[in-house]
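Report on the following structure.
Here the structure is a predicted model, which is why all the values come from computation and not from measurement. All heavy atoms count here, side chains included; hydrogens, waters and symmetry mates do not.
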Amino acid sequence: MDEKHTNPLFISTAVSLAAFMEILDTTIANVALTHIAGDLGASMQESTWILTSYLITNAIVLPISGWLSSLMGRKNFFLFCIIGFTTTSFLCGIATSLSALIFFRLLQGLAGGGLQPSQQAIIKDSFPPEKLGMAFAITGIATVLAPILGPAFGGYITDEFSWRWIFFINIPVGIVAALLVKKFVYDSVSSRKQKVGSIDYIGLGLIAIGLGTLQIVLDNGEQYDWFDNFFIVTFSIVSVSCILASIFWLLKQKYPLVDLKLFTIPSFALSCIMTFFIGAFVNVTVMLLPMLVQANFGYNATLSGMILVPGGIAILILLPVVGKLLNIIQAKYLIAFGMLFSAVSMWVSAQLSPQTDEASFIFMRILQTIGIPFLLIPVTTLAFSKISTKDSNNASAITVLMKNIGGSIGISLVTNYLVHSRQIEQSQLVAHLNIGEWGYRNYLDIYTHILQSSHFISFINQKEIVKGSLAKLYQSIQLQASILAYIDVFTMLSYIFIGLAAISLFMPKNIIHK
């Protein structure tokens, strides 16, 4: 089968399978940290480096993956990444110590960093412009569905088998993906191995240090109390300095590792900004709902992950629909609708209460996911609408980097806002704990009556009953403050997406609609 007779659908499936495997692995390990820490004799704080180590090296490789594709040839680079990711997944699964697992995760991040950019570049070069919408609908399955299924899949595997299988499961998937890519994917003339300049060690060093330290700050800032900690302040200064220096340096190079001049293309620049917010939205909402139900409603890891699955089904149904709509409706109008619907879904999510049941959470999640296809497919298509074939690798690397950075920054900011909002809500509730407040007296009487009616009453004196009632009242306040904090977060996100919906109307037209 030669390039001319290869069905682009086969190409999309082959490259999306590899990308799905890599994206799934970035979230699937989250729910297994407790089991990994216990099995390897580590603390929960130490086990978080299992996540951070992967993200650090992944972030370093992402922006230079376009240059590496030119150096090795895109197909060879993609196959190298698949084989490397599969091999390091096996090494992670057999790790016998935390230090060994962290080291193998560093290697896994290096191998996996090139999969998403290569996937997008191959898709872009395999389809004509008028079919890019449907093509990116297929890639959306990997980009959006993987982080949604990750927590549920990871929780089930960990509970029913062992945490090691969250890594071993990559082996058969990686083998199948490599065989499909080997058979169906061909390099275009512009994507074959090219003569590139000598390695820009200064640019590479600045990118590696800047993005690596940024990822450390974002993943550990909340844990170390952000800028009240010398470690976080130091790494933040190093990160900002190196990122700014790398931008200045790369703009001066004739053959840069990352071609930042692509940002002079309006459709690409605006799409990258939107991609940043989409990455933040997808990752934040995937994090918030499981965290909410586990912390406040007593759900376990598997059940909290299963709440996300119906939303994933909704995305699967809508992806091909949006892919077809892109040939009929201007991309910017689809994006505006997606932003507006996301705002509505956040407003609906903000209506939760301590009595919210499982069906309501599932409905809430389905609403949150409906807007995602209307954002992802048009934004991705618009980003590549003015990109030439020779710039596909660089453009893909930049868009994926923007999505990942958006996710990391979004999670860090929302987590920080959630903590501070919980403190504010609790202080406001505590202010009403005085004998002059009817609610305070009523709840105290209710809890006192419950304790007095207990069969342990003969062993409890009146003083202990009062103390127990106050303790129950405080637990109720903590629960209410936590739920109110989530309501504050959802409300804030709804306002942000209303603003983004308005901004998206100023985006340029899609090349499909000349």
Atom OH of Tyr333 and atom CD1 of Ile335: how far apart are they, to the nearest 0.5 Å?
-> 11.5 Å
Minimum heavy-atom distance between Ser239 and Leu214, given as atom pair plus value | OG-CB, 3.2 Å
Between atom CD1 of Ile405 and atom CG of Leu218, what is the distance when rounded to the nearest 0.5 Å?
-> 8.5 Å
Atom pair CD1/CG of Ile175 and Leu180 - distance to nearest 0.5 Å = 12.0 Å
Answer yes or no: is there a side-chain heavy-atom contact under 4.5 Å between Thr285 and Met346?
-> yes
Flag, side chain of Thr57 to backbone of Leu106, donor-acceptor distance under 3.5 Å = yes
Between Ile237 and Ser241, the two heavy atoms sitting closest are O-OG, 2.7 Å
Please check if any side-chain donor atom of Ser89 sits under 3.5 Å from a side-chain acceptor atom of Gln108, or the reverse.
-> yes
Could you tell me whether the side chain of Ile102 reaches within less than 4.5 Å of the side chain of Tyr54, counting heavy atoms only?
-> no
Take Leu211 and Leu401 through the test side-chain contact (heavy atoms from CB on, under 4.5 Å) and record every step on the way to the result.
-> CA-CA 10 Å; Leu211 293 179; Leu401 179 65; 4.1 Å; yes
Please step through side-chain contact (heavy atoms from CB on, under 4.5 Å) for the pair Val217 and Phe231, ending with a clear verdict.
-> CA-CA 9 Å; Val217 169; Phe231 166 78; over 6 Å; no
Under the ring-ring contact (aromatic ring centres under 6.0 Å, His included) test, which residues partner Phe248, sequence neighbours left out?
-> none
Please tell me if the side chains of Thr399 and Thr380 come closer than 4.5 Å, counting only heavy atoms from C-beta onward.
-> no
Which distance, rounded to the nearest 0.5 Å, do you find between the CG of Leu325 and the CD of Gln330?
-> 13.0 Å
So do Ile398 and Cys272 actually touch side chain to side chain, heavy atoms under 4.5 Å?
-> yes
Aromatic ring pairing Phe341/Phe337, orientation class (parallel under 30°, perpendicular over 60°, tilted between) | tilted
Closest non-hydrogen contact found for Thr86 with Asn170 is CG2-O, 4.1 Å
When every non-hydrogen atom of Leu262 is compared with those of Phe268, the smallest separation belongs to O-CD2, 3.4 Å
Got a donor-acceptor contact below 3.5 angstrom from the Thr88 side chain to the Phe85 backbone?
-> yes
State which residues pass ring-ring contact (aromatic ring centres under 6.0 Å, His included) with Phe281; sequence neighbours excluded, sorted by chain then number.
-> Phe497
Value rounded to 0.5 Å, distance of CZ in Phe263 from CG in Leu260 | 6.5 Å
ring-ring contact (aromatic ring centres under 6.0 Å, His included) filter on Phe80, not counting sequence neighbours, yields none
Shortest non-hydrogen contact from Leu288 toward Leu493 | CD1-CD1, 4.2 Å
Closest heavy-atom pair and its distance - Lys75, Lys182 = NZ-O, 3.0 Å
Tell me, do Leu17 and Met21 make a side-chain contact under 4.5 Å, heavy atoms counted?
-> no
Donor-acceptor contacts, no H, no angles, side chain residues 369-379, under 3.5 Å, sequence neighbours left out:
unit_1 : atom_1 : unit_2 : atom_2 : d
Thr369 : OG1    : Gly311 : O      : 3.2
Thr369 : OG1    : Arg365 : O      : 3.4
Thr369 : OG1    : Ile366 : O      : 2.8

Kindly determine whether Arg105 and Phe167 satisfy side-chain contact (heavy atoms from CB on, under 4.5 Å), including the steps that lead there.
-> CA-CA 10 Å; Arg105 285 283 282 176; Phe167 298 111; 3.7 Å; yes
Across all chains, not counting sequence neighbours, the side chain to side chain donor-acceptor pair (under 3.5 Å) partners of Asn58 are Glu22
Separation between CG (Leu318) and CD1 (Ile313), nearest 0.5 Å, reads 12.0 Å
Would a distance-only check, ignoring hydrogens and angles, find a side-chain to backbone donor-acceptor pair under 3.5 Å from Lys403 to Ile278?
-> no
Mind telling me whether Phe168 and Trp165 have parallel, tilted or perpendicular rings, with 30° and 60° as the class edges?
-> perpendicular
Donor-acceptor pairs are to be reported for all side-chain atoms of residues 91-99 against protein atoms at under 3.5 Å, with residues two or more places apart or in another chain.
unit_1 : atom_1 : unit_2 : atom_2 : d
Ser97  : OG     : Ser99  : OG     : 3.3
Ser97  : OG     : Ala100 : N      : 3.2

